[in-house]
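For this chain, numbers begin at 1 and follow the sequence in order.
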Amino acid sequence: MYIIRLFLIALYSFLLSLVAILSALIDRSNTTYWWIVRIYGRGVLLLAGIRLKITGLENFDHNEAYVFVANHMSNFDISALQAGIPNRARMFFKKELGRIPFFGWQLVLGPYFSVDRKNAEKAMKTIEDAKNVMLTKKDSVLLFAEGTRSKDGTVQPFKRGAFNLAVKVKHPVVPVSISGTNKIMQKGSLKIYSGRDIIVHFDKPISTEDVNTRQEEIALMEKVREIIIANKVDL
């Protein structure tokens, strides 16, 4: 059965990627693209037979710019956040994904950020680009602070990139706890276990106004990680 679901998700991704490419070329404000992103995320979860529950939306302003920081366990984290974040949140994606026909092309043409994880200098330039976008366009950004998916569902140590960006732009950090996705599709596997739940919880924004030193930035990073762990539940 999961083979059929994979086929339907692949077909759906192809069709929505075509629409996203056209929208990115025509609508330079990306307004249409953001609608497509939300429709895509919800559609993937529906085709996979997954239920999504969102909590904590009352904790932040849906029209303000934030640095959303989430844990990462599965490819379904992305669909859940695309469907669940009401703000215009630009994601970071590894540049290798941009080579995938249609799906990768729409990522490159869209408002997301391509990251070269093998080149630290280029990766830092991407952070600078994100800073400029946040300051000029007032869009949020979304980062998986662990840098890669967790193999066993536990929250791994965080990398500083997300917090360095938040401190530079002085925008609040919103800790995002994702639960359940590791039981749906595990790292290294394409098998989908449908009929399960995903819970995405948004905690209250944490100000970065008084964070100035490296030590304070690291303390912020550890605080956000502890909040994400505390709000994560075992499904």
Side-chain angles (χ1 to χ4, degrees), residues 5-48 50 52 54 61-70 72 74-119 121-144 147 149 161-162 165 168-169 171 174 176 190 200:
R5 292 188 185 278
L6 278 176
F7 172 77
L8 292 174
I9 290 172
L11 178 60
Y12 179 71
S13 298
F14 168 71
L15 294 174
L16 267 290
S17 293
L18 284 178
V19 177
I21 288 171
L22 290 174
S23 76
L25 292 172
I26 296 172
D27 180 8
R28 302 311 298 173
S29 71
N30 292 313
T31 300
T32 308
Y33 188 94
W34 291 118
W35 279 105
I36 295 168
V37 163
R38 293 189 179 96
I39 292 169
Y40 175 74
R42 293 166 186 164
V44 167
L45 297 178
L46 179 64
L47 291 171
I50 303 302
L52 175 64
I54 306 292
D61 189 329
H62 300 177
N63 296 308
E64 292 296 324
Y66 301 98
V67 176
F68 292 94
V69 176
H72 197 14
S74 165
N75 286 328
F76 279 94
D77 297 335
I78 297 172
S79 297
L81 293 175
Q82 286 177 323
I85 296 180
N87 305 52
R88 292 167 56 124
R90 300 181 180 229
M91 286 191 293
F92 288 69
F93 67 93
K94 57 183 180 181
K95 73 169 189 175
E96 291 81 2
L97 291 178
R99 300 170 187 159
I100 300 174
F102 300 103
F103 179 78
W105 300 343
Q106 62 87 17
L107 289 176
V108 174
L109 289 171
Y112 293 152
F113 299 106
S114 174
V115 180
D116 187 347
R117 297 192 297 182
K118 297 179 181 178
N119 187 312
E121 184 177 342
K122 289 183 178 179
M124 286 307 299
K125 183 182 182 305
T126 303
I127 293 292
E128 285 298 315
D129 291 342
K131 181 190 78 171
N132 293 333
V133 166
M134 290 192 76
L135 292 175
T136 58
K137 295 187 179 296
K138 307 301 181 183
D139 285 351
S140 297
V141 298
L142 165 65
L143 297 104
F144 296 107
R149 285 170 287 165
L165 171 61
K168 284 181 176 178
V169 297
H171 284 322
V174 176
V176 185
L190 291 176
V200 175

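In terms of the side chain to side chain contact (heavy atoms under 4.5 Å, CB included) criterion, residue partners of R88 (sequence neighbours excluded) are, by chain and number, N30, T31, W34, D139. Under the side-chain hydrogen bond (donor to acceptor under 3.5 Å, both in side chains) criterion, K131 pairs with E128, sequence neighbours left out. In this structure, the side chain to side chain contact (heavy atoms under 4.5 Å, CB included) partners of L81, at least two apart in sequence or on a different chain, are A70, I85, L142, F144, V176, I178, V200. For L25, the side chain to side chain contact (heavy atoms under 4.5 Å, CB included) partners are I21, L109, not counting sequence neighbours. In terms of the salt bridge (Lys or Arg N to Asp or Glu O under 4.0 Å) criterion, K138 has no residue partners (sequence neighbours excluded). For S74, the side chain to side chain contact (heavy atoms under 4.5 Å, CB included) criterion is met by F76, D77, T181, M185, not counting sequence neighbours. For E64, there are no salt bridge (Lys or Arg N to Asp or Glu O under 4.0 Å) partners two or more places apart in sequence or in a different chain. The salt bridge (Lys or Arg N to Asp or Glu O under 4.0 Å) search around D27 returns none, not counting sequence neighbours. Residues meeting the ring pair (Phe, Tyr, Trp, His ring centres under 6.0 Å) test with Y66, sequence neighbours left out: F60, F68.
When side chains are defined from C-beta on, L47 does not count as touching F7, because their heavy atoms never get closer than 4.5 Å. Counting only heavy atoms from C-beta outward, the side chains of H62 and N87 approach each other to under 4.5 Å. In this structure the side chain of I78 never reaches within 4.5 angstrom of the side chain of F93, judged on heavy atoms.
Across every non-hydrogen atom of I9 and A48, the tightest pair is CD1-CB, 4.1 Å. The shortest heavy-atom contact between V19 and I36 is CG1-CD1, 3.5 Å. Summarising the geometry of L45 relative to A83, their closest heavy-atom pair is CD1-CB, 4.5 Å, with the distance given to 0.1 Å.
Sorted by first and then second residue, the side-chain hydrogen bond (donor to acceptor under 3.5 Å, both in side chains) pairs with a member in residues 9-21 read S13-Y40; sequence neighbours excluded.
The CZ atom of R42 sits 9.0 Å away from atom CG of L52, with the distance rounded to the nearest 0.5 Å. With rounding to the nearest 0.5 angstrom, the CD1 atom of I127 is 4.5 Å from the CZ atom of F92. Taking CE of M134 as the start and OG of S140 as the end, the distance is 5.5 Å to the nearest 0.5 Å.
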For residues 95-106, which side-chain donor-acceptor pairs fall under 3.5 Å, sequence neighbours excluded?
unit_1	atom_1	unit_2	atom_2	d
K95	NZ	D116	OD2	3.4
Q106	OE1	Y33	OH	2.5
Q106	NE2	F103	O	3.1

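For R38 (side chain) and P86 (main-chain N/O), a donor-acceptor pair under 3.5 Å exists by modelled atom type.
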**OP:** Mind running side chain to side chain contact (heavy atoms under 4.5 Å, CB included) on L165 and H171 for me, showing each step along the way?
**Re:** CA-CA 9 Å; L165 171 61; H171 284 322; over 6 Å; no

